[in-house]
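Take a look at the structure below.
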2 protein chains.
Amino acid sequence: MINKEEFRKKIIISAGLIFSRYGFKKTTMDEIAKALKMGKSSIYYYFESKEDIFEAVVLHEANILRTELTTAIKSVESPIDKMKNYIFVRMKSFEKLSNYYNAIFDKNLDHYDFIETIREKYDREELAILRLIIYHGQRKKVFNVINSEYTAMAIQTTLKGLEVPLFWIKKEVNIENRLDAILNVLFYGIVRK
Amino acid sequence: MINKEEFRKKIIISAGLIFSRYGFKKTTMDEIAKALKMGKSSIYYYFESKEDIFEAVVLHEANILRTELTTAIKSVESPIDKMKNYIFVRMKSFEKLSNYYNAIFDKNLDHYDFIETIREKYDREELAILRLIIYHGQRKKVFNVINSEYTAMAIQTTLKGLEVPLFWIKKEVNIENRLDAILNVLFYGIVRK
DNA sequence: ACTGCCTTCGAACAAATTGGTCGAAAAATC
DNA sequence: GATTTTTCGACCAATTTGTTCGAAGGCAGT
C-alpha cells in the first residue's frame, strides 16, 4: 500500500525529528527504529548506514529551506526586500540547522568529515542564491558593490558567524530585533544612498 | 581562592545546562568535565557518581522553582490569582523539567529508579503548596471543595498529565492560550459561583 | 627543604552500548 | 503455492561510558 520510496521519506522525517533534537552522535539507530515502531535491523533495508540517513535528512531539510527561500525572494520586488526576506528565512532556520550540525560546532563532540562534505555542498548552493540577489540589486541600481562574488561570500560569512553563537545565546531575544540589527550592519555598506 | 562547596555549585550549574538539554542518559561525564575544563576523574573528587550530580542538579532546580512559586503566590491576594500564578509558573518550568525527566517519560530510554525517588520527594512538596492555596481559598470562601487533600492531588494530577504531552506537542501554541484553557477546565469545578 | 593537605590528572577497566550483519520467518504479490 | 518483498531477533566487534586508583602538582605553614 505504500512503496519503498515513500517509506524512506517516512524514515527521513521521523529520524529528522530525533537528529534535530540530539544531533548526529547522540541519536541512536534504536531510537530511530523505535520511533517508527520497527526493529533496528529493518531500517537497514531502506538505508545503508546511519550516515546515510543523516545525509538524506539534511538534504531533505535543505530542500525545504531552498523552497522557502525561493518563494520568500519571489514574493517581493525590490532587491532590498529580497535580501531582507532571504536573511529572515535563513535566520529562522538557524536553530534547526544548528542542532543538526551540533556534531560539528560542539567542541565536546567529535568531528565528522562526511557532515562537512554535505555542508560544503549546501554552502555553494546558498552562495549562488545570494549572488543572484546581488546581481538583481545591481541591475536595479540599488546595490553598490564592486565584486558581487566576494560580496556574496562576505554576507554568507556574516550569516554563518551568527549561526554558531545563536545556538548558545538566550532564546528570549526575539528574532525581529536581531534581524534589524543585522540588516543595519549589513546594509550600511551595500545600499546605495 | 574558591572553596569546595562553591565549586560543587559550579559543577551543578554547568552540568545542569547539559542535563537540561540532553536528559540524564545522553549526558556523559566527559561532557560535564569538558564543560568545566577538567579531567573526567576530577569530578569524582566533588561528587560520588553521575546520579549524585543529577540529584544535586534537580534539587537545585527544585529550589529555584520553589522560590519562584512562593514569590508568585505572595505577590497577589485573591486565592484565584494565587492559584493562577502557581499554575503559570509551574507550567513555564514544565519544559525544563521535562528535559530532566526525559529518562522517565521517553519510552525509548531506560527507566531509572533513583529519578523516581527524587521526583516523589518533589511531588510531596508541591502537594503541600497546593494544599495551602486551597486552604486559603476556603477561608476566604472563594473555593468550594469538599476535601482539600484530594483536590490538591487532583490538581497535581492534572498538571502532571499535561507535562508529558507538553513535551511533545508543537511549541508554537503559546503558553497564555494553554493556560487559559487549563484554568477554565480546572476552575469550573472549584470556583464558587 | 620538608611535611601534610587539597586538588587534578591520566591510565586502566569492566560493563554497557552501539552500528551493523545475517539468515530465517512473515507478509505481500503474482 | 512459488516468488519476491519486508520485518525481525539473535549475534558480533568495536567503541563508549562510569568509575577506580595511585601518582603527582600546588600550596600553606614550619
Side-chain angles (χ1 to χ4, degrees), chain A residues 1-16 18-19 21-58 100 102-103 106-115 118, chain B residues 1-12 14-16 18-19 21-58 100 102-104 106-115 118:
Chain A
M1 56 171 178
I2 178 171
N3 69 27
K4 199 166 170 180
E5 208 45 49
E6 282 177 57
F7 204 90
R8 272 176 60 96
K9 192 159 239 169
K10 235 179 151 179
I11 294 177
I12 289 172
I13 289 167
S14 180
I18 307 175
F19 277 130
R21 180 160 171 72
Y22 295 116
F24 179 74
K25 192 184 179 186
K26 280 178 188 285
T27 298
T28 70
M29 293 298 284
D30 245 330
E31 284 174 305
I32 295 174
K34 276 191 182 143
L36 287 155
K37 293 184 209 297
M38 318 175 69
K40 185 172 52 161
S41 46
S42 303
I43 307 281
Y44 286 88
Y45 179 67
Y46 297 95
F47 289 93
E48 272 193 4
S49 65
K50 187 183 168 189
E51 295 193 2
D52 217 31
I53 301 176
F54 186 81
E55 184 165 337
V57 166
V58 174
Y100 285 123
N102 207 324
D106 190 340
K107 285 164 231 138
N108 296 334
L109 298 176
D110 295 333
H111 184 87
Y112 295 97
D113 284 338
F114 85 101
I115 297 181
I118 299 171
Chain B
M1 56 173 172
I2 177 171
N3 68 28
K4 198 168 172 180
E5 208 46 48
E6 280 177 59
F7 204 90
R8 272 176 61 97
K9 192 160 239 168
K10 234 180 154 178
I11 295 177
I12 289 172
S14 181
I18 307 175
F19 276 132
R21 179 160 170 71
Y22 294 117
F24 178 75
K25 192 183 178 186
K26 280 179 189 285
T27 298
T28 70
M29 292 298 284
D30 245 330
E31 285 173 305
I32 295 175
K34 276 190 181 141
L36 288 155
K37 295 184 208 297
M38 317 175 69
K40 189 167 54 159
S41 47
S42 303
I43 307 281
Y44 287 87
Y45 178 67
Y46 297 95
F47 289 93
E48 272 193 4
S49 65
K50 187 182 168 191
E51 295 194 0
D52 216 32
I53 301 176
F54 186 82
E55 182 165 339
V57 166
V58 173
Y100 286 122
N102 208 325
I104 299 175
D106 190 341
K107 283 164 232 136
N108 296 333
L109 298 174
D110 293 335
H111 185 88
Y112 297 97
D113 284 339
F114 85 100
I115 297 181
I118 299 171

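Residue numbers begin at 1 in each chain, while the letters A, B, ... track the order of the sequences.
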Euclidean distance, atom CD of residue E5(B) to atom P of dC6(C) [Å, nearest integer]: 15 Å
Minimum-distance pair of heavy atoms, taken over all atoms of V57(A) and A15(A): CG2-CB, 4.3 Å
For S14(A), side chain to side chain donor-acceptor pair (under 3.5 Å) partners two or more places apart: none
The helix from dA1(C)-dT30(D) to dC30(C)-dG1(D): angle between end helix axes, five pairs per end, rounded to 10 degrees: 30°
Atom-pair distance (CZ on F24(B); P on dA16(C)), nearest Å: 14 Å
Short N-O contact, E31(A) and K40(A), less than 4.0 angstrom: no
Aromatic plane relationship, F54(B) with F19(B) - under 30° parallel, 30 to 60° tilted, over 60° perpendicular: perpendicular
Minimum-distance nucleotide to Y44(B) side chain [options: dT17(D), dT19(D), dG20(C)]: dT19(D)
Separation of atom CD in E6(B) from atom P in dT7(C), rounded to whole Å: 12 Å
Interatomic distance, K4(B) NZ vs dT8(C) P [rounded to whole Å]: 10 Å
Residues that F47(B) engages under side chain to side chain contact (heavy atoms under 4.5 Å, CB included), provided they are two or more places apart: R8(B), I11(B), I12(B), D52(B), I53(B), A56(B)
Rounded interatomic separation in angstrom, taking OH from Y45(B) and P from dA23(D): 18 Å
Rounded distance in Å - NZ (K50(B)) to P (dT17(D)): 9 Å
Separation of dG18(D) P from D30(B) CG (nearest whole Å): 8 Å
Partner residues of E48(B) under the salt bridge (charged side-chain N to carboxylate O under 4.0 Å, His left out) criterion, sequence neighbours left out: none
Look for any protein N or O under 3.5 Å of an N or O in nucleotides 26-28 of chain D and output each such pair with its distance, or none.
none

Would you tabulate the nitrogen or oxygen pairs shorter than 3.5 Å linking the protein to nucleotides 10-12 of chain C?
from: dG10(C); atom 1: N7; to: S41(B); atom 2: OG; distance (Å): 3.1
from: dG10(C); atom 1: O6; to: S41(B); atom 2: OG; distance (Å): 2.5

Point-to-point distance, once rounded to the nearest 0.5 Å, from CG of L36(B) to CD1 of I18(B): 7.5 Å
Residue M38(B), side-chain atoms from C-beta onward, closest of dT7(C), dG18(D), dC9(C): dC9(C)
Sugar-phosphate only, base, or nothing, as touched by Y46(B) at under 4.0 Å among non-hydrogen atoms: sugar-phosphate
Straight-line distance of S42(B) OG to Y46(B) OH, nearest 0.5 Å: 8.0 Å
Distance-minimising heavy-atom pair for K50(A) and F24(A): NZ-O, 3.0 Å
Side-chain touch M38(B)/F7(B), heavy atoms, less than 4.5 angstrom: yes
Value rounded to 0.5 Å, distance of CD in E5(B) from NZ in K10(B): 14.5 Å
Rounded distance in Å - CZ (F47(A)) to P (dT21(C)): 15 Å
